[in-house]
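The structure appears right after this line, and notes come after that.
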2 protein chains.
Amino acid sequence: MSVTINDVARLSGVSKRTVSRVINCSPAVGEATRERVLEIIKETGFSPDKQARGLASSRSYLLGLIYDNPDALYIDQVQRGALSVCAELGYELVVHPGSSKHEDFIDDCLRFISRSKLDGVIILPPVSENKALAAALREAQCPYVRLASVDLDDADNIVVSDERAAMRDMASHLVELGHTDIGFISGPQHFRSSTERLAGFLAELQVYNVQLPDSRIVEGKNNYESGLMCAQTLLDTPNRPTAIVANNDEMAAAALRVASNLNIKVPDELSVAGFDDNILASRIIPSLTTIRRPVYNMACLAVQKLINKSRATKEKLPLQKTVTPTLVKRESTGQCSE
Amino acid sequence: MSVTINDVARLSGVSKRTVSRVINCSPAVGEATRERVLEIIKETGFSPDKQARGLASSRSYLLGLIYDNPDALYIDQVQRGALSVCAELGYELVVHPGSSKHEDFIDDCLRFISRSKLDGVIILPPVSENKALAAALREAQCPYVRLASVDLDDADNIVVSDERAAMRDMASHLVELGHTDIGFISGPQHFRSSTERLAGFLAELQVYNVQLPDSRIVEGKNNYESGLMCAQTLLDTPNRPTAIVANNDEMAAAALRVASNLNIKVPDELSVAGFDDNILASRIIPSLTTIRRPVYNMACLAVQKLINKSRATKEKLPLQKTVTPTLVKRESTGQCSE
DNA sequence: TTGTAAGCGTTATCAA
DNA sequence: TTGATAACGCTTACAA
């Protein structure tokens with residue numbers, strides 16, 4: 001029914017081996033021959049069978065996406081970014097949301113990979129910080145690229161967003177609005193992304209000679225509920241900060257909620273900022289000052305790096321390692337009133 | 001390196017054909033033989049190669065997910081639901097966000113399917129309403145299941161959420177709060193989901209003998225920006241409704257924003273409701289009364305239906321066609337003050 | 001530069 | 001109930 005390599009070979013009067021060479025862009029084909037074959041391929045609409053190809057060459061033209069984070073918006077952008085590059089190169093994307101807490105997680109990922117002989121995987125934060133997973137993938141010889149906030153792997157294996165720098169911008173934004181007493185709702189400190197963001201923020205405050213006592217830093221779990229509790233701690237006291245920065249938009253939204261409950265006006269009496277720029281940030285009232293990572297582009301880079309690995313050394317594209325998030329200023333931060 | 005069917009055959013002293021029968025659960029295998037083979041399979045950790053299997057049997061064990069809607073939350077839930085069933089049955093999920101506006105869209109989907117010889121696809125709204133796509137899939141003999149708000153296909157090919165009924169609940173919720181002058185921000189009327197929701201809403205109002213003049217119904221585009229304009233039309237006038245219902249949460253959020261700009265208190269002076277129960281709905285202030293579809297379960301059902309199609313008639317599971325969304329009451333709707 | 005022949009790991013045909 | 005043997009559509013030694 002559908003056109004095979006044999007049909008193309010017959011029609012163009014060459015061997016299937018030559019057709020194979022053409023579709024694989026082998027240089028060892030005469031110009032005339034190549035053109036004739038390409039002609040026939042176009043005429044017949046031939047498209048090589050992935051399974052057969054994979055069976056013969058042990059490749060699948062399938063890339064995997066491993067993640068745990070339930071931040072749907074982020075994931076959707078990653079998928080679209082990754083697919084934009086996949087489409088050009090004939091790869092497909094197979095998704096694998098897992099639960100990194102599960103003891104079986106790493107084996108589960110390895111099975112996922114071997115089941116479909118994936119040509120490589122992209123790993124999203126926070127799973128991307130998992131050293132054991134990365135080690136297991138290296139051992140299994142599975143190409144991978146991690147998206148992360150810290151430089152924790154070779155340039156070939158990672159796309160880093162410089163969140164430390166982004167949080168410096170956030171700090172200077174607030175200080176320049178006059179804030180010197182700032183509360184910080186951090187993420188879990190066992191995540192590098194959390195420590196990184198906090199470190200960047202504190203480092204920039206230093207520059208302005210602003211101190212942040214430990215009592216102003218409370219650790220959340222990156223979800224709404226924990227954000228509520230942390231914000232409550234920071235705000236439900238006469239001695240409250242004039243600004244709150246949260247490790248992500250979910251917790252910043254929680255801070256807005258607590259402020260609303262306590263009848264504290266944002267931004268007049270309190271500034272609030274988040275991190276992620278998810279859909280919430282632009283829709284919530286007041287809209288949220290936050291930090292946006294170039295997620296789509298990071299995913300593009302990741303796929304390119306993955307595919308680079310299967311190229312000959314001289315054909316490798318030079319690809320950047322680090323991308324820069326940007327500060328998005330909105331309604332929730334304003335001049336300090338005190 | 002990895003164990004193949006030949007190894008299993010040799011080790012268990014039978015032909016590979018017999019091993020094949022065992023792994024495919026053919027009844028034509030002696031009990032003793034079957035057990036011996038299963039034993040060896042367990043010992044060796046043999047797992048049949050998908051590509052080889054697919055090449056020989058023209059199946060891929062790959063399901064596709066086709067969508068256009070950029071509602072990320074919804075899509076993430078669908079993916080997780082679908083995968084929960086896929087995992088049990090050894091299928092993987094390949095994603096394909098497209099743009100249904102593109103003239104090439106249907107061909108693009110067909111190529112997507114044939115490229116990887118997908119065993120079936122799930123189509124999400126609003127693309128799921130596309131008749132031409134469904135027809136093309138039938139012609140291409142590609143099994144599909146549509147997730148939709150209206151019963152527009154055979155029970156085997158669709159999972160319907162009864163949005164008409166859900167909107168009846170919404171209407172009665174508002175009427176019982178005392179609202180009789182209600183504004184409705186509809187979705188594009190060329191979508192069945194839009195007409196269906198509006199129809200359900202109006203039908204229930206009839207029951208209460210409440211009239212909705214045409215001027216109270218404005219058509220949005222299901223996005224935030226159009227929601228802003230529609231809400232402005234309805235609210236920025238002395239003669240404004242006491243409640244606004246929007247076709248989705250994005251536009252309801254826009255209504256909240258416009259109300260905030262016009263200094264109209266929600267829910268004291270105005271009730272607002274949406275549809276979707278996306279992350280926005282629970283985080284925004286005031287939190288949004290809305291309707292939640294059992295998206296995860298719908299996706300589970302869709303995969304089961306897809307796989308049912310490749311089963312023998314007598315092994316087919318009976319699967320429901322319709323699911324029921326639920327009304328989620330939150331802060332944004334309250335007693336009518338007039 | 002091109003072709004021949006042997007796989008890749010399954011399932012399918014047909015006979016025993 | 002079983003088993004040889006031939007596909008499936010492609011890539012890859014190895015020759016020529």
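The figures here come from the full heavy-atom set of this structure, side chains too, leaving out hydrogens, waters and symmetry mates. Given the structure is predicted, the values throughout are model-derived calculations rather than measurements. Per chain, numbering begins at 1; letters A, B, ... match sequence-line order.
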Next on the checklist: Evaluate Glu31(A) against Arg34(A) for side chain to side chain contact (heavy atoms under 4.5 Å, CB included), listing each step before the verdict.
Outcome noted: CA-CA 5 Å; Glu31(A) 199 46 51; Arg34(A) 148 168 292 115; 3.9 Å; yes

Checklist entry - Which value, rounded to the nearest 0.5 Å, describes the distance between Asp108(A) atom CG and Leu133(A) atom CG? => result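 Result: 10.5 Å between the selected atoms.
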
Item to check | Distance, nearest 0.5 Å, that separates CG of Asn157(B) from OG of Ser128(B) | outcome: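 These two atoms lie 12.5 Å from each other.
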
Measure the distance from [atom1] on [X] to [atom2] on [N] and round it to the nearest whole Å.
{"X": "Tyr61(B)", "N": "dT10(C)", "atom1": "OH", "atom2": "C1'", "result": "10 Å"}
{"X": "Asp7(B)", "N": "dC8(C)", "atom1": "CG", "atom2": "P", "result": "11 Å"}
{"X": "Arg10(B)", "N": "dG9(C)", "atom1": "CZ", "atom2": "P", "result": "13 Å"}

Checklist entry - When you measure from every atom of DNA chain C, which of residues 43-50 of chain B have a heavy atom less than 4.0 Å away? => result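 Within residues 43-50 of chain B, the residues near DNA chain C are Phe46(B), Ser47(B), Pro48(B), Asp49(B).
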
Item to check | DNA chain C contacts among residues 13-35 of chain B, heavy-atom distance under 4.0 Å | outcome: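 Lys16(B), Arg17(B), Ser20(B), Ile23(B), Asn24(B) - these, ordered by number, are the residues of the stretch whose heavy atoms sit under 4.0 Å from the strand.
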
Checklist entry - Hey, what bend do you get for the helix from dT1(C)-dA16(D) to dA16(C)-dT1(D) if you fit axes on five pairs at each end, rounded to 10°? => result 30°

Determine whether a donor-acceptor pair (N or O, by modelled atom type, separation under 3.5 Å) exists between the side chain of [X] and the backbone of [Y].
{"X": "Glu163(A)", "Y": "Ser149(A)", "value": "no"}
{"X": "Ser116(B)", "Y": "Ile113(B)", "value": "no"}
{"X": "Glu92(A)", "Y": "Val94(B)", "value": "no"}
{"X": "Ser99(B)", "Y": "Lys101(B)", "value": "no"}
{"X": "Asp119(B)", "Y": "Arg59(B)", "value": "no"}

Checklist entry - For DNA chain D, which nucleotides open and close the run of contacts to chain A, 5' to 3', at under 4.0 angstrom from a non-hydrogen atom? => result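 The contact span of chain A on DNA chain D goes from dG9(D) to dA13(D).
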
Next on the checklist: I'd like to know whether CZ of Arg53(B) has more than 12 heavy-atom contacts from other residues, nucleotides or ligands below 6.0 angstrom.
Outcome noted: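 For Arg53(B), atom CZ is crowded (more than 12 foreign heavy atoms under 6.0 Å).
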
Checklist entry - Hey, what's the ring geometry for Tyr91(A) with Tyr61(A), parallel, tilted or perpendicular (30° and 60° as the breaks)? => result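 Taking Tyr61(A) first and then Tyr91(A), their aromatic rings sit tilted (interplane angle of 30° to 60°).
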
Checklist entry - Of the options Asp156(B), Asp153(B), Asp151(B), which is the one that meets Arg146(B) in a salt bridge (charged side-chain N to carboxylate O under 4.0 Å, His left out)? => result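 The option that passes is Asp153(B).
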
Checklist entry - How would you list, by chain and number, every residue that makes a side-chain hydrogen bond (donor to acceptor under 3.5 Å, both in side chains) with Gln51(B), sequence neighbours excluded? => result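 Lys117(A).
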
Checklist entry - Under the side-chain hydrogen bond (donor to acceptor under 3.5 Å, both in side chains) test, which residues partner Asp104(B), sequence neighbours left out? => result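 Testing Asp104(B) for side-chain hydrogen bond (donor to acceptor under 3.5 Å, both in side chains), a comparison that skips the adjacent residues, returns Arg111(B).
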
